[in-house]
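Below is one structure, written out as structure tokens, with a few remarks after it.
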Amino acid sequence: MPSGAELIRKVKEQIREVDPREVHDAAANGNGSRPVLVDVREQHEYEAGHIPGAVHVPRGHLESRIEGKVRDRSQPVVLYCASGQRSALAAHTLQSLLGYEDVASMNGGITLWKDHGYEVETPRSLTAGQKDRYSRHLLLPEIGLEGQLKLLDAKVLLLGAGGLGSPTALYLAAAGVGTLGVVDDDVVDVSNLQRQVIHKNDDVGVPKVDSAENAINELNPDVKVVKYQTRLDASNIMEIVEGYDVIVDGVDNFPTRYLLNDATVRLRIPVVSASILGFDGQLSVFAPYEGPCYRCLYPTPPPAELAPSCGANGVLGVLPGVMGLLQAVEVVKLVTGAGEPLIGRLLLYDALATSFTELKVRRDPDCPICSRDPESISEEEMGVFPDYEAFCAG
């Protein structure tokens, strides 16, 4: 059996090696032939400093993760490590076992790169406590360090701290969403506790925004809570929602949903919307100009007798938990870029049958809101809305 040194020597005879100067010059040219630079070192090495623009795929996860970073096997790829040995083995694997056509290992690794005086980037990292807290996220290639940092930087607005808002808030806080805005003008009632799991017996009579803030702070100190103890309406919606990355719609009335839709289309903010009644729930993501808006799905609100409230008809206590958790999943996907958000799709859940049904929803080319270019709307029109209460009542 060959020794480790002999194996590496034989591998290097079968692959192409490039000097750091070649890699630097190719990156500086910025032309179409620029290779994908892959750092195959361990996470702590990458965090200590890496070549600008490099993607990170640890050698131990190369076979399972490289396709997520380099899908085109004909694309030029240059791998590097500390000294050029691990990257040589990685290049041999890509070339011989995975069918990549244009692979090279950077001779001397990042050590020689530094010796040439080339730039090294030190990325933002997590604290030791955060690495422990979010360790299961860091193991997921779809999230990893980059996705977790996006979550910590994200600003998500929750409309309602009730049945839907409660589980969504708890799981987004646990996931490390850096800023959670909470809009709710109500106080905790004992009848809420059957489904609004963010509140406790001791919170009865306390404003829901305060109760939610306490629960979130106890769960995760990384999260900043911004409270809005008010009812969302035409006079304040533009001021409240602007600046948030994602809106979680947990409101319980059509006037506010239409108002929210118009404001978020104008501001290009995606909305993760859910609704519940009895044993049924529905969920969709309205991303302005990527898919339909709420008005495309519901051009006009239904008559009042066909849209009873949960207070009038009741709701299964665990149902908002199911739908709220699905909302939280969609928020994480939107923030991190993982997966395919529920844009242009309406998910229906029947708790009694334990069934999910998915319906396609298309943009309405004649939609009075999302068929327009938001830049064409004057400043005088921004934030000016019709009387939705009268509109929906009619």
For this session: Output all residues satisfying salt bridge (charged side-chain N to carboxylate O under 4.0 Å, His left out) with D203, sequence neighbours left out; order by chain, then residue number.
Result: K200
Exercise. Quick check: are there more than 12 heavy atoms from other residues, nucleotides or ligands sitting under 6.0 Å from CZ of R124?
Worked result: yes
Exercise. So, S135 and D132: side-chain donor and acceptor under 3.5 Å apart, yes or no?
Worked result: no
Exercise. Hey, mind stepping through E47 and S125 against side-chain hydrogen bond (donor to acceptor under 3.5 Å, both in side chains) and telling me if it holds?
Worked result: CA-CA 7 Å; E47 292 176 5; S125 188; 3.1 Å; yes
Problem set entry | Residue pairs passing the ring pair (Phe, Tyr, Trp, His ring centres under 6.0 Å) test where at least one lies in residues 173-193, sequence neighbours excluded | none
Exercise. Would you call D364 and R295 a salt bridge, using N to O less than 4.0 angstrom?
Worked result: no
Side chains of residues 320-344: which donor-acceptor pairs under 3.5 Å do they make with residues two or more places apart or in other chains?
residue : atom : partner : partner atom : Å
Q327    : NE2  : D249    : O            : 3.1
Q327    : NE2  : V272    : O            : 3.0
E330    : OE1  : K333    : NZ           : 3.4
E330    : OE1  : L342    : N            : 2.8
E330    : OE2  : K333    : NZ           : 2.8
K333    : NZ   : E340    : O            : 3.0
T336    : OG1  : V332    : O            : 2.8
T336    : OG1  : A338    : N            : 3.3

For this session: Check whether V315 and Y349 end up in the same hydrophobic cluster, where Ile, Leu, Val, Met, Phe, Trp and Tyr are linked by side-chain heavy atoms less than 4.5 Å apart.
Result: yes
For this session: Determine, using the 4.5 Å side-chain heavy-atom cutoff (strictly less than), whether V40 and L139 are members of one ILVMFWY cluster.
Result: no
Problem set entry | Within 6.0 Å of CD in E242, more than 12 heavy atoms from elsewhere | no
Problem set entry | Within one Ile-Leu-Val-Met-Phe-Trp-Tyr cluster: V55 and L94, side-chain cutoff 4.5 Å | yes
For this session: Enter the distance from N107:CG to D19:CG here, rounded to the nearest 0.5 Å.
Result: 6.5 Å
Exercise. Got a donor-acceptor contact below 3.5 angstrom from the D184 side chain to the A161 backbone?
Worked result: yes
Exercise. Under the side-chain contact (heavy atoms from CB on, under 4.5 Å) criterion, do L346 and Q282 qualify, and how do the steps go?
Worked result: CA-CA 7 Å; L346 178 66; Q282 66 179 40; 4.2 Å; yes
Exercise. Just checking, any donor-acceptor pair under 3.5 angstrom between side chains of S273 and R257?
Worked result: yes
Problem set entry | Backbone of T127 reached by a side-chain donor or acceptor of Q130 within 3.5 Å | yes
For this session: Kindly indicate, with the supporting measurements, whether the criterion salt bridge (Lys or Arg N to Asp or Glu O under 4.0 Å) is fulfilled by E358 and R345.
Result: CA-CA 7 Å; E358 183 180 300; R345 296 180 288 155; 3.2 Å; yes
Exercise. Between K150 and E146, is there a salt bridge with N-O shorter than 4.0 Å?
Worked result: yes
Exercise. Can you name the residues that form a salt bridge (charged side-chain N to carboxylate O under 4.0 Å, His left out) with E290, not counting sequence neighbours?
Worked result: none
For this session: Give the minimum heavy-atom separation between G84 and K12, together with the two atoms involved.
Result: O-CE, 3.7 Å
For this session: Report the C-alpha separation of D102 and R73 in whole Å, then their side-chain angles, then the decisive distance to 0.1 Å, and conclude whether the salt bridge (Lys or Arg N to Asp or Glu O under 4.0 Å) test is met.
Result: CA-CA 8 Å; D102 188 356; R73 284 176 165 78; over 6 Å; no
Exercise. Given a cutoff of under 4.5 Å between side-chain heavy atoms of I, L, V, M, F, W and Y, with clusters grown through shared members, what are the other residues clustered with L145?
Worked result: L126, Y134, L138, L149, L152
Exercise. What's the spacing between R133 CZ and Q148 CD if we round to 0.5 Å?
Worked result: 10.0 Å
Exercise. Okay, side chain of H56, backbone of R41: is any donor-acceptor separation there less than 3.5 Å?
Worked result: yes
Exercise. Does L219 belong to the same Ile/Leu/Val/Met/Phe/Trp/Tyr cluster as L151, with side-chain heavy atoms less than 4.5 Å apart forming each link?
Worked result: yes
For this session: Would you check if the side chain of E45 reaches a backbone N or O of E42 as a donor-acceptor pair within less than 3.5 Å?
Result: yes
For this session: Mark yes or no for whether D280, through its side chain, and I276, through its backbone, hold a donor-acceptor pair below 3.5 Å.
Result: no
Problem set entry | ILVMFWY cluster, M238 and V251 together (side-chain gap under 4.5 Å) | yes
Exercise. Sub-3.5 Å donor-acceptor pair from the side chain of E67 to the main-chain atoms of D72, do we have one?
Worked result: no
Exercise. Considering residues at least two apart in sequence or located in another chain, which fulfil the side-chain hydrogen bond (donor to acceptor under 3.5 Å, both in side chains) criterion with R21?
Worked result: none
Exercise. Ignoring hydrogens and geometry, is there a side-chain-to-backbone donor-acceptor pair from S96 to T93 under 3.5 Å?
Worked result: no
Exercise. Which is it for L180 and K155 under the side-chain contact (heavy atoms from CB on, under 4.5 Å) test, yes or no, and what are the steps along the way?
Worked result: CA-CA 6 Å; L180 286 177; K155 298 180 64 178; over 6 Å; no
Seminar exercise, completed: Sorted by chain and number, sequence neighbours left out, salt bridge (charged side-chain N to carboxylate O under 4.0 Å, His left out) with E63 holds for R59
For this session: Kindly compute the distance separating CG (N192) from CD1 (I198), expressed to the nearest 0.5 Å.
Result: 12.5 Å
For this session: Please report the closest heavy-atom contact between A91 and I15, naming both atoms and the distance.
Result: CB-CD1, 4.1 Å
Exercise. Got a donor-acceptor contact below 3.5 angstrom from the S166 side chain to the G163 backbone?
Worked result: no
Problem set entry | Transitive ILVMFWY cluster of V190, excluding itself - 4.5 Å side-chain cut-off | V188, L193, V204
In a table with atom names and distances, give each donor-acceptor pair under 3.5 Å that connects a side chain of residues 75-83 to protein atoms at least two apart or in another chain.
residue : atom : partner : partner atom : Å
Y80     : OH   : D39     : OD2          : 2.7
Y80     : OH   : I51     : N            : 3.0

Problem set entry | Y228 atom OH, neighbour heavy-atom count above 12 within 6.0 Å | yes
Problem set entry | Rounded distance (nearest 0.5 Å) linking atom CG of L352 with atom CG of L316 | 7.5 Å
For this session: Using atom types as modelled and distance alone, determine if a side-chain donor or acceptor of H50 lies under 3.5 Å from a backbone N or O of Y46.
Result: yes
Exercise. Between L172 and L158, does a side-chain contact (heavy atoms from CB on, under 4.5 Å) hold up when you go through it step by step?
Worked result: CA-CA 10 Å; L172 291 180; L158 300 163; 4.3 Å; yes
Problem set entry | side-chain hydrogen bond (donor to acceptor under 3.5 Å, both in side chains) against D233, all qualifying residues, sequence neighbours excluded | S235
For this session: Could I get the full list of salt bridge (charged side-chain N to carboxylate O under 4.0 Å, His left out) partners for E22, not counting sequence neighbours?
Result: none
Problem set entry | Test item: T354 and D350 side chains (from C-beta on) under 4.5 Å apart, heavy atoms | no
Exercise. Any sub-3.5 Å donor-acceptor pair from R71's side-chain atoms to I66's backbone N or O?
Worked result: no
Exercise. Ring pair (Phe, Tyr, Trp, His ring centres under 6.0 Å) with Y258: which of F286, Y294, Y298?
Worked result: Y294
Exercise. Taking only residues two or more places apart in sequence, or in another chain, which ones meet E13 in a side chain to side chain contact (heavy atoms under 4.5 Å, CB included)?
Worked result: R9
Exercise. Can you tell me if K208 and Q229 form a side-chain donor-acceptor pair at under 3.5 Å?
Worked result: no
For this session: Please name the pair of heavy atoms, one in E6 and one in S3, separated by the smallest distance, quoted to 0.1 Å.
Result: OE1-N, 2.9 Å
Problem set entry | Over all atoms of both residues, closest heavy-atom pair of I269 and V241 | CD1-O, 3.4 Å
